[in-house]
Protein chains: 2
Amino acid sequence: MPKPTFYNLPEEKRNLIFRHALEEFARFPYERASLSAIVNRADIAKGSMYQYFTGKKDLYVYLIQEVYARKREFLQPVWEQKEKVDFFELASLYYKRSWHFARQYPLHHRVTVNFWDSKDAALREEILRKKEIRISEFSEMLELGLLSGVVSPDINKEAVWFVYHAVAKALVDNFLDPNINAESHEAYINSVLTVLERGLRPRKE
Amino acid sequence: MPKPTFYNLPEEKRNLIFRHALEEFARFPYERASLSAIVNRADIAKGSMYQYFTGKKDLYVYLIQEVYARKREFLQPVWEQKEKVDFFELASLYYKRSWHFARQYPLHHRVTVNFWDSKDAALREEILRKKEIRISEFSEMLELGLLSGVVSPDINKEAVWFVYHAVAKALVDNFLDPNINAESHEAYINSVLTVLERGLRPRKE
DNA sequence: CAACAATGTGACCGGGTGGTCACATGGGAG
DNA sequence: CTCCCATGTGACCACCCGGTCACATTGTTG
């Protein structure tokens, strides 16, 4: 919730602020990111920033909101396949497309990773609780998998969640790695998801 | 490498410093932890601290070293089973005992988690490169599993590593959760490891 | 007791932060 | 041309940080 003043700004200036906030919060997690650095680099007076936002947190919430809006938009095509493919294929599509998002909008991606890594869980909770942001459809996806029986229902459901989330998060974090081979990365994502699907122990089937 | 002065201190005072450093670095990751807070709470002059350690980093490295020494000691009994049980059972023993460590020494545990979560990868690298600390035997464990054929060798080995690490890290992070049911937690760890072992997709075997 | 080295001390430094405020600027409306 | 209100500004505030240093205190040794 930026102040009304912010929306009165010409689009160009709003973008200027957004861009520099994005850069700063991509470089550092919330606590270490510097508002002073943002205003300096954007060549804006500190005071002006406080005409647009009530403070650092307000700016951050706005940024997170925008970033996730963009990501949702980007992942839209994947959700349209929801009824057509099974859980594992959907997951594959989801992470491959997420990876493309990370490549295309690396700063956006870093912001999301920093958001989840933030040790200030209270802040994250506060942002999520406002429901202004719907972060992810993980839940929905896995729920579908369980319902359809593609995901084994006879083991501790909570544990299934746990493992799925752990792998998913690590996968997304991993997108940051700069020296990933572009051509093979989709294949790599598939390999990881296969391990998740089939388990470490060899199957006799 | 604390200065010699530190080791000349009476044990009681060394412990005092250790305890308060432990508390601070358990509460916050390296960058946000405050040396001033430590000396204030320990009721020691700032200058004194600089008689014992060359600076904040020096104190931190010392602390990490001590914490991991304690943890290794605690996990010793598990490694003695190395030849007797298979990979999955060893992993189960390892994480259950790690959980007990986390319960018994919650501050130590938080310090280790903060250590790995630190965004200052350079610092972590520096500490690890000194080899003064050997953090974990994950590698060794998984290698054994692969060799013995208990862990499937016919899927991308790198991906196996990836999934294993992701789940292991999440499992350890999870120990922090305050409202875990003590009685059922060992069972929960087993459930998670079972999912890791058998995969999400149901087996026909 | 004197001498001397080791250790303890906290005011102080430079530099950073998020946030404030009295004032300058600018662009319609009358 | 003037008035007025929205907006722009940057010096400034209080507070924190890690680190330093001149000096006080202590303890052992001759």
Side-chain angles (χ1 to χ4, degrees), chain A residues 1-18 20-25 27-64 114 118-120 122-123 126-127, chain B residues 1-18 20-21 23-64 114 118-120 122-123 126-127:
Chain A
M1 1 61 209
K3 297 183 179 178
T5 320
F6 180 69
Y7 293 108
N8 294 340
L9 253 37
E11 193 187 345
E12 202 186 337
K13 189 160 188 180
R14 267 185 286 137
N15 285 342
L16 180 78
I17 292 171
F18 178 82
H20 285 94
L22 187 72
E23 272 178 31
E24 181 69 5
F25 287 108
R27 212 179 295 277
F28 304 106
Y30 177 74
E31 302 88 355
R32 284 203 293 143
S34 158
L35 216 159
S36 302
I38 296 172
V39 296
N40 286 341
R41 277 197 274 264
D43 210 32
I44 282 175
K46 181 91 78 81
S48 294
M49 201 55 126
Y50 281 84
Q51 306 269 20
Y52 311 143
F53 299 93
T54 64
K56 184 184 180 182
K57 183 157 73 179
D58 194 32
L59 170 62
Y60 185 63
V61 171
Y62 169 73
L63 182 77
I64 292 287
N114 282 338
S118 165
K119 290 289 106 182
D120 190 343
L123 174 63
E126 185 193 329
I127 292 175
Chain B
M1 357 79 196
K3 297 183 179 179
T5 320
F6 180 69
Y7 293 107
N8 295 339
L9 253 37
E11 192 188 345
E12 201 186 337
K13 190 161 188 180
R14 267 185 285 137
N15 285 342
L16 180 78
I17 291 170
F18 178 82
H20 285 94
E23 272 179 30
E24 181 68 7
F25 287 108
R27 212 180 294 279
F28 304 105
Y30 178 74
E31 301 88 354
R32 285 203 293 143
S34 159
L35 215 158
S36 303
I38 296 172
V39 297
N40 287 340
R41 276 197 274 263
D43 210 33
I44 282 175
K46 181 93 76 82
S48 295
M49 201 56 125
Y50 282 83
Q51 306 268 21
Y52 312 142
F53 299 93
T54 63
K56 185 185 179 181
K57 185 157 72 179
D58 195 31
L59 171 62
Y60 185 62
V61 171
Y62 168 74
L63 182 77
I64 293 287
N114 281 338
S118 165
K119 292 288 107 184
D120 190 344
L123 174 63
E126 184 192 330
I127 292 175

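Within every chain, numbering begins at 1; the chains are lettered A, B, ... in the order of the sequence lines, protein sequences first and strands thereafter.
Put simply, CG on B/L35 is 13 Å from C1' on D/dT20, counting in whole angstrom units. The interatomic distance linking B/R14 (CZ) with C/dT7 (P) rounds to 13 Å, in whole Å. Atom P of nucleotide C/dG18 and atom CZ of A/F28 are separated by 11 Å, given to the nearest angstrom. Atom CG of B/L9 is separated from atom P of C/dT9 by 11 Å (rounded to the nearest Å). Between B/K46 atom NZ and D/dC23 atom C1' there is a gap of 18 Å when expressed in whole angstrom units. Across the protein-nucleic acid pair, A/Q51 atom CD and C/dC21 atom C1' stand 11 Å apart, rounded to whole Å. Protein atom CE of B/M49 is 16 Å distant from nucleotide atom P of C/dT7, rounded to whole Å. Summarising the geometry, the separation between OH on B/Y50 and P on D/dG18 is reported as 7 Å, rounded to the nearest angstrom.
Looking only at side-chain heavy atoms (C-beta outward), A/E24 and A/R41 come within less than 4.5 Å of each other. In this structure, A/I44 and A/K13 have side chains that are in contact, with non-hydrogen atoms separated by less than 4.5 Å.
Across all strands shown, B/Y52 has heavy atoms under 4.0 Å from sugar-phosphate atoms exclusively, and none from any base. Using a 4.0 Å heavy-atom distance criterion, B/A33 is classed as a sugar-phosphate-only contact. A/K57 comes within contact range of no nucleotide atom at all, as no heavy-atom separation falls under 4.0 Å.
When every heavy atom of A/M49 is checked against every heavy atom of A/I38, the shortest pair comes out as CE-CG2, 3.8 Å.
With hydrogens and angles ignored, no donor-acceptor pair under 3.5 angstrom links the side chain of A/K56 to the base of C/dG19.
When the side-chain nitrogen and oxygen atoms of B/K13 are compared with OP1 and OP2 of C/dG8, one or more of them lie within a distance under 4.0 Å. Taking 4.0 angstrom as the limit, A/N8 places a side-chain polar atom (N or O) nearer than this to OP1 or OP2 of D/dT7.
Taking for each of A/S34 and B/D43 the nucleotide of DNA chain C with the nearest heavy atom, the 5'-most of the two is the partner of B/D43.
When the nucleotides D/dG8, C/dG10, C/dT7 are ranked by their closest atom to the side chain of A/S48, D/dG8 comes out on top.
To the nearest 0.5 Å, the span separating CG on A/N40 from CG on A/L35 amounts to 10.0 Å. For the atom pair A/K57 NZ and A/I64 CD1, the distance stands at 13.5 Å (nearest 0.5 Å).
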